[in-house]
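In what follows, a structure is listed as C-alpha cells, so that the remarks can point back to it.
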Number of protein chains: 2
Amino acid sequence: MDSPLIAAVRRFNRTVTQRVGALDDEYMARGRPLAQARLLWEIGPGGAEVAALRVRLGLDSGYLSRLLRTLESDGLVTVGPAEQAGDQRVRTAVLTAAGRAEWAELDKRSDELAWSILAPLTEARRERLVAAMAEVERLLVASMVVIEPCPPGDPRARACVRAYARDVGRRFDDGFDPALSNPVRDEELVPPAGVFLLATLNAEPVGCGAVKLHPGAPAEIKRVWVSDTVRGLGIGRRMLGELERYAAERGWTTVRLDTNRNLTEAIAMYRAAGYREVEPYNTEPYAHHWFAKDLAPVGP
Amino acid sequence: MDSPLIAAVRRFNRTVTQRVGALDDEYMARGRPLAQARLLWEIGPGGAEVAALRVRLGLDSGYLSRLLRTLESDGLVTVGPAEQAGDQRVRTAVLTAAGRAEWAELDKRSDELAWSILAPLTEARRERLVAAMAEVERLLVASMVVIEPCPPGDPRARACVRAYARDVGRRFDDGFDPALSNPVRDEELVPPAGVFLLATLNAEPVGCGAVKLHPGAPAEIKRVWVSDTVRGLGIGRRMLGELERYAAERGWTTVRLDTNRNLTEAIAMYRAAGYREVEPYNTEPYAHHWFAKDLAPVGP
DNA sequence: CCATATACCTGACTTTAGTCAGGCTTACCG
DNA sequence: CGGTAAGCCTGACTAAAGTCAGGTATATGG
C-alpha cells in the first residue's frame, strides 16, 4: 500500500462523499422519504421494469413492492404489465402526469445543486473543477468494474458474447458469422476445462473474456470484449491479466490467441501486454494473426 | 447556467456520492449502527467535547446523548467533565482502550477502502486519479466557503480580526500596533453605516472583510483577510466582490482602500480586480498605497 | 441572589429502512 | 401436462434514525 496516495483518497472520500453526498440526499428528498424519491427518479419519464429497478437500486423485492404501492397511492406512478407484452410476470412502472411533474422538479433541483457548486467559482476554476471531476469519475468507474467467473450460459454472458459478435462483425472485412468460426462450446469454458470471466459495472455486464485450458497444450484465450461505454479504462488489459492468471495458477505456462487484422487496438494491446506473434496454430477462418505469451509459474 | 458543466457535475455527484459514499458507509459500519460508528470515529483518540460532536455530526442533542450512552455501556467510551475544568456543564467524551482499538480498526478499514479504489488501477492511472481527486477536493472546498454579513462583535469576527492583525504584523516592516493605526469602530461596520462580512467553511471562520459607507464620500474597504488554510482558492477576490456589491447596491459609485507596500499579493489582487492607484486620501500610518475603483450602478 | 440561559440528559414517541416467510400467477423444461 | 422456477406481491416483523417535550445542574447578568 502506498500511503500518500491512500491519504489523498481518504481526504477525498471524507470531503466529497460526506459533504456533497449529504447535500445530494437533501436536495433529492424534498420532504419525501429518500428511498421513495430515489425510486421515483430511477423510474424516470420513460418508465422502467420492476426487476430493473430492483437491480439498480439494490432493494429487497418486498421492500420495492411496498415503495411502489406507496407511490401508486400518492398518484405518482402506475404499475402495469410490461409494455412489450412478452413475459406476463414482468411488470413495468410508469410515471403519471403528477409523477412526471415531480420527476421534473427533482431534475431541476439536481441542476440547482450542481449550479450551487459551480456558482461561487470563477469561470476558470469552474472549468478546472469540471475537468477534474470528469477525470475522477472516469477512473472511479474503471475501479468499480469487477471481473468474476460466470457460467457461459448466464444471460449476461450470452449478452456479452452477442455484443462481441456484433462488434467484430462490424469491424471484419466481410462480417462475422459465428457458424463459420471455430466453435467454442460452453463446456469448454466451465472449470476445470476453462473459465468464462464477466466484467460488470454495478451488476451490468460491460465486458467478457474466456480461456480454454487445453490438456497438454497452451491455454487459449477467446472472446475478449469490452463494451465501448468503458473503453479506454484499461479493462481489456485487466481482463487479459485475469485470464492469464487463471491459466498460470493452474499450471499452464503458455497462453495463445488469434485475432483479425482489423482489430488494431486489440493487436496493439496484446503486443503491449507481452504477446509475440507466432505461426498459425489453428485454422480459424477469421484470424490473420496468432499471438503467444509465456507465463511465469504461480502458486494457486 | 451552463448546461454541459452542470451535466458533468451531476454525473460526478451521481457516481461518486452514491457509489463511493455507500461503500464508505458499509466499510465504516462493521455491523454496528452507522451513527454509532461515525460518532466513535469523530471522538477520535484525542477525545472531543460533546458540543463539538453535536456540531460536527449535526445531531440532535438527545439523540447524541443516547448514542454516547450506548457506546459507554459497550465499554468503548467514557464521558466525563471537560478536561480543562472550565465550564462544569461541558462534558468530554474519551475513548477507552477498547474504544481506541475499535477506532484503530476503523482507521485500518478506511485505508483498505481507499486501497480498494486504487488497487484495480495501473500505477499511472492511480497517480492520475489521486491528482484529480486532490483538484476536485480543493475546488469543492473553495465552493463550500460561504460569505455572509456578521456582527463585528461576534467571537468569530473578532478571531478573524485578531488573525488579520497577527498576519499583517508579521509582514509589515516594523510590526502592526492596532492602536497606532486609524481606528475602526464596530458601529461603523454595522448596517446602515457599513458591514462586516465573514467567510466560513463548515461554520469555521476562514476570512473576513468590511466596508464603511461614508455618507457623501467613497465607500472604504477594510480588514480583508483570508486564512492561509484556504488561500489560493479565490476567496479574497470573492470577498472583495461581495464588499463592492454591498456598496454598489446601496448607491455608492466608488470604493477605495489603503494597503502596505509589503502585501504584494494583495496589491496584485487589487490591480487585477480593476483598482487603480490614487493619491493618499487618509493619513493611515501603515499605508503606502491607496487604491480606488468605480462601481457600476446596481439595483438593490 | 434571582431570573434566565446553557449544556447535557431521559423518556416517550414516530418514521424510515430493511428483512423474511409465504402466496399467487406466469413461464419453462422434460 | 406436471413439476419447478421466476417475478411480483402481502403480511408480520425488527432495527435504526430521528424528534420532541421536559428535567437537572451549572453558568451568567443585573
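Keep in mind that what you see is a predicted model, and the values were worked out from it rather than measured. Computed from heavy atoms alone, side chains included, the values below leave out hydrogens, waters and symmetry copies. Protein chains get the first letters and strands the later ones, always in sequence-line order, with residue 1 at the start of each.
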- Take atom CG of B:Asp60 and atom P of C:dA12, then tell me their distance rounded to the nearest Å. 17 Å

- Take the protein atom CZ of B:Arg69 and the nucleotide atom P of C:dG11, then report the distance between them rounded to whole Å. 11 Å

- Salt-bridge present (B:Glu42, A:Arg14; N to O < 4.0 Å): yes

- Message: Any side-chain N or O of A:Arg66 below 4.0 angstrom from OP1/OP2 of D:dC9?
- Response: no

- In whole Å, what is the span from the OH atom of A:Tyr63 to the P atom of D:dC9? 15 Å

- Item | Side chain of A:Ser65 - closest among D:dG7, C:dA27, D:dT10 | D:dT10

- Counting any heavy atom closer than 4.0 Å, what does B:Leu34 reach on the DNA or RNA strands: base, sugar-phosphate only, or nothing? sugar-phosphate

- Round to the nearest Å and state the distance from A:Arg91 atom CZ to C:dT26 atom C1'. 13 Å

- Message: With nearest nucleotide decided by heavy atoms, which residue, A:Ala35 or A:Arg89, maps closer to the 5′ end of DNA chain C?
- Response: A:Ala35

- Task: May I have the distance from A:Asp154 (atom CG) to D:dA6 (atom P), rounded to whole angstrom?
- Result: 12 Å

- Message: Taking the nucleotide of DNA chain C with the nearest heavy atom to each, does B:Arg54 or A:Pro33 sit closer to the 5' end?
- Response: B:Arg54

- Note on the structure: Testing C:dT10, D:dC8, C:dA27 for proximity to the side chain of A:Asp87, the answer is C:dA27

- Just how far, in rounded Å, is C1' of C:dT10 from CG of B:Leu67? 14 Å

- Rounded to the Å, how far apart are A:Leu68 CG and D:dC8 P? 10 Å

- Query: Atom CD of B:Gln36 and atom P of D:dA17: how far apart are they, to the nearest Å?
  - Reply: 8 Å

- Should the pair B:Arg32-B:Glu102 be classified as a salt bridge under the 4.0 Å nitrogen-to-oxygen rule? yes

- Query: Any Lys/Arg nitrogen of B:Glu137 or A:Arg11 sitting under 4.0 Å from an Asp/Glu carboxylate oxygen of the other?
  - Reply: yes

- Message: Salt bridge or not between A:Arg38 and A:Asp25? Use side-chain N to carboxylate O under 4.0 Å.
- Response: yes

